[in-house]
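In listed order, ligands and their atoms are each counted from 1. What you see is a predicted model; the values in this text were computed from it and never measured.
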Amino acid sequence: MTDSAAGQSSENLLEIRQLKKFFPIRAGIFQTTVGHVKAVDGVSFFVKKGETLGIVGESGCGKSTIGRTVIRLYKPSSGKIIFKNQDITRMRESDLRTHIRKDIQMIFQDPYASMNPRKTLKSILKEPLATHGLLDDHSDDRIAELLNRVGLSPSYMNRYPHEFSGGQRQRIGIARALALNPELIIADEAVSALDVSIQAQIINLLEDLQAEFDLTYIFISHDLSVVRHISDRVAVMYLGNMMEIAPKSTIYEEPLHPYTKALLSAVPVPRKKGMAKRERIVLKGEIPSPANPPTGCVFHTRCPFAMDICKQTTPIFQELKPDHFVACHLYNTGS
Ligand SMILES: Nc1ncnc2c1ncn2[C@@H]1O[C@H](COP(=O)(O)OP(=O)(O)OP(=O)(O)O)[C@@H](O)[C@H]1O
Ligand SMILES: [Mg+2]
C-alpha cells in the first residue's frame with residue numbers, strides 16, 4: 001500500500017494504515033497457539049469527515065473485525081489507527097474513554113441482543129449518558145428529543161424492548177448511538193435483518209441524521225445494493241484484504257478488480273442506459289481459510305485472470321486513478 005492510499009489529508013477523520021488483526025488458534029489441553037486466523041491482513045484506507053464509506057465482501061472476509069478493531073474493541077495485531085489526527089492504536093482504555101469512546105459509536109445487526117429486556121427504553125437510553133457521567137436534570141428531555149429524532153414517540157419511554165418491532169428496535173439502537181453526539185458511526189449489517197421496506201426507512205433515517213448532525217459513517221454490509229444506496233465510496237474486501245476502493249459510481253459502473261467484477265456480476269444491479277452489458281464472472285472453488293490464506297494475491301486461487309506473478313507476489317494497493325485504489329497485478333505491469 002502506498003502512502004497516498006493511507007491518506008495524508010487532515011480532512012480525514014480516520015486513517016487506517018496496514019492494519020492487521022490475527023486471532024490465535026489454540027489446541028490441546030495446554031491451549032497452545034498452533035496458528036492464526038488472519039481476519040484482517042494489512043488493510044489501509046481513510047474516511048473523510050462527513051462521508052459514508054461502505055465496506056462490502058462475502059461472509060468471513062473480515063468486515064466486522066475491521067469495525068471492532070477500529071473502535072479498539074479488539075487490540076490491533078499491528079498497523080496504525082489514526083482518529084482525528086491522534087494515534088489511538090495503543091491508547092490505554094482510560095484514555096480511550098476520555099478521548100474517543102464518545103466520538104465513535106457502533107450500530108449492530110441485532111440491537112435487541114444488547115438491550116437488557118428488564119429495562120425500560122428510558123433506562124436503556126440513559127446508560128451511555130451514565131457511563132460518561134453525563135446524567136443530569138435534562139436527561140429525560142434529551143432522551144425524548146432523541147426518540148423524536150429517530151421517529152419514535154417519547155411516550156414509549158416506559159416500554160420494554162420486547163414491545164417493539166425489528167425496525168423500531170433499530171431506531172432505538174440508533175438513538176442510543178446518537179446519545180453521546182458521536183462524530184463517527186460504524187454500522188455493521190445494521191439493516192441486514194430487516195424487511196426491504198423497513199431497510200429503506202432506516203437508511204433514509206441514517207441519511208437524514210448524517211446531514212443534520214454532520215456524521216461520518218462506515219457502513220458494513222454483505223449486501224451490495226444496500227451499500228450502493230448509502231455510500232459515497234465503497235471498499236471491497238476479500239479474505240482480510242482490501243481489493244478495491246473507489247467512489248460509488250466507479251465501483252458499480254467501472255470496477256477494475258476481477259473480484260469486484262465477480263461480486264457485481266452475481267447480483268442484479270441496475271445499469272444506466274448505454275452502459276456495456278456486464279460480463280458474468282463465475283468464481284471457481286471455495287473461499288480459502290483465513291488461517292491459511294494463499295500466497296501472493298489472496299484471490300489468485302479463484303481469479304479467472306491469474307498469472308504466475310499473482311501466486312508469488314502480493315499486489316500493491318495503488319491509486320490507479322484519482323481516488324480509485326486497486327490491488328491487482330493486471331494493472332501493475334509497468335511498475
Ligand atoms: N473473536 C474471534 N476469534 C476468532 N476468530 C474470529 C473472531 N472474530 C472473527 N473471527 C474470524 O475472523 C474471520 C473474519 O470474521 P468477520 O466476522 O470479521 O467477518 P465478516 O466479514 O464480518 O463476516 P460476516 O459477513 O459473516 O459478518 C472469520 O474467519 C472469523 O471466523
Ligand atoms: Mg460481520
Side-chain angles (χ1 to χ4, degrees), residues 14 16 18-28 31-45 47 52-79 81 104-114 166 170 173 177 184-194 199 202-203 206 217-231 234-245 251 257 259-260 262-264 266-267 283 285-294 298-299 301-302 327:
L14 179 72
I16 302 299
Q18 285 297 331
L19 186 70
K20 294 188 184 186
K21 178 61 193 173
F22 294 177
F23 296 106
I25 303 167
R26 300 186 207 278
Q31 289 290 290
T32 42
T33 302
V34 294
H36 286 93
V37 175
K38 297 179 176 175
V40 176
D41 198 6
V43 307
S44 304
F45 62 95
V47 187
T52 299
L53 176 74
I55 302 185
V56 290
E58 291 162 282
S59 183
C61 70
K63 305 181 295 295
S64 297
T65 304
I66 286 194
R68 285 159 187 260
T69 311
V70 164
I71 67 166
R72 288 284 320 271
L73 277 179
Y74 293 155
K75 203 169 142 223
S77 302
S78 66
I81 306 167
I104 312 181
Q105 295 293 318
M106 231 168 149
I107 307 174
F108 298 97
Q109 176 165 355
D110 179 12
Y112 188 61
S114 59
Q170 198 49 281
L184 172 65
I185 292 184
I186 302 180
D188 188 355
E189 306 282 1
V191 300
S192 303
L194 304 173
Q199 282 187 342
I202 298 291
I203 285 174
L206 287 171
Y217 292 146
I218 296 180
F219 193 89
I220 296 171
S221 177
H222 65 276
D223 185 332
L224 285 148
S225 43
V226 166
V227 167
R228 184 186 188 134
H229 263 282
I230 197 167
S231 306
V234 175
V236 179
M237 281 191 80
Y238 180 80
L239 212 60
N241 286 256
M242 288 276 176
M243 300 281 121
E244 184 162 9
I245 302 183
I251 281 282
H257 200 287
Y259 179 64
T260 312
L263 265 189
L264 287 170
V267 290
L283 296 180
E286 296 286 306
I287 305 182
S289 162
N292 186 21
V298 285
F299 185 55
T301 53
R302 302 177 74 204

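Remark: Glu286 CD is loosely packed, at most 12 non-hydrogen atoms of other residues, nucleotides or ligands lying under 6.0 Å away.
For atom 28 (C) of ligand 1, the nearest non-hydrogen atom from the set Gly62, Ser64, Gly60, Ser221 belongs to Gly60. Proximity annotation for atom 10 (N) of ligand 1: of Phe22, Tyr238, Phe23, Phe23 comes nearest, heavy atoms only. Taking only non-hydrogen atoms, the option from Glu58, Lys63, Arg26 nearest to atom 25 (O) of ligand 1 is Lys63.
Put simply, the side chain of Leu263 reaches to within 4.5 Å of the side chain of Glu58, judged on heavy atoms. His222 places a side-chain heavy atom less than 4.5 Å from the side chain of Ser192.
Between Tyr74 and Phe23, the ring-plane angle classifies as perpendicular under the 30° and 60° cut-offs. Ring geometry for Tyr259 against Phe299 counts as perpendicular: the plane angle is over 60°, on a 0 to 90° scale with 30° as the lower cut.
Counting all heavy atoms, side chain and backbone alike, Leu239 lies closest to Pro288 at CD1-O, 3.2 Å.
Nearest protein heavy-atom contact of atom 12 (O) of ligand 1 is Ala39 CB, 3.3 Å.
Below 4.0 Å from some heavy atom of Pro290 lie the following atoms of ligand 1, by number and element: 29 (O). Below 4.0 Å from some heavy atom of Tyr74 lie the following atoms of ligand 1, by number and element: 1 (N).
Under 4.0 Å from ligand 1, heavy atoms of Ser59 appear from its side chain as well as its backbone. At a heavy-atom distance under 4.0 Å, only side-chain atoms of Val37, from C-beta outward, approach ligand 1.
The Mg ion (ligand 2) has an N, O or S atom of Ser64 closer than 2.8 Å.
When each of Ile245, Val227, Thr260 is paired with Val234, the side-chain contact (heavy atoms from CB on, under 4.5 Å) condition holds for Val227 and for no other. Checked options Ile186, Leu53, Ile81; the residue passing with Leu14 is Ile81 (criterion: side-chain contact (heavy atoms from CB on, under 4.5 Å)).
No side-chain donor-acceptor contact under 3.5 Å links Lys20 to the backbone of Pro76.
For ligand 1, the polar-atom distance check against Thr65 finds a nitrogen or oxygen pair separated by under 3.5 Å. Looking at Cys61 next to ligand 1, an N or O pair under 3.5 Å apart turns up.
Distance check for atom 31 (O) of ligand 1: every protein heavy atom is found at 4.0 Å or beyond. Put simply, atom 2 (C) of ligand 1 has protein non-hydrogen atoms near it, under 4.0 Å away.
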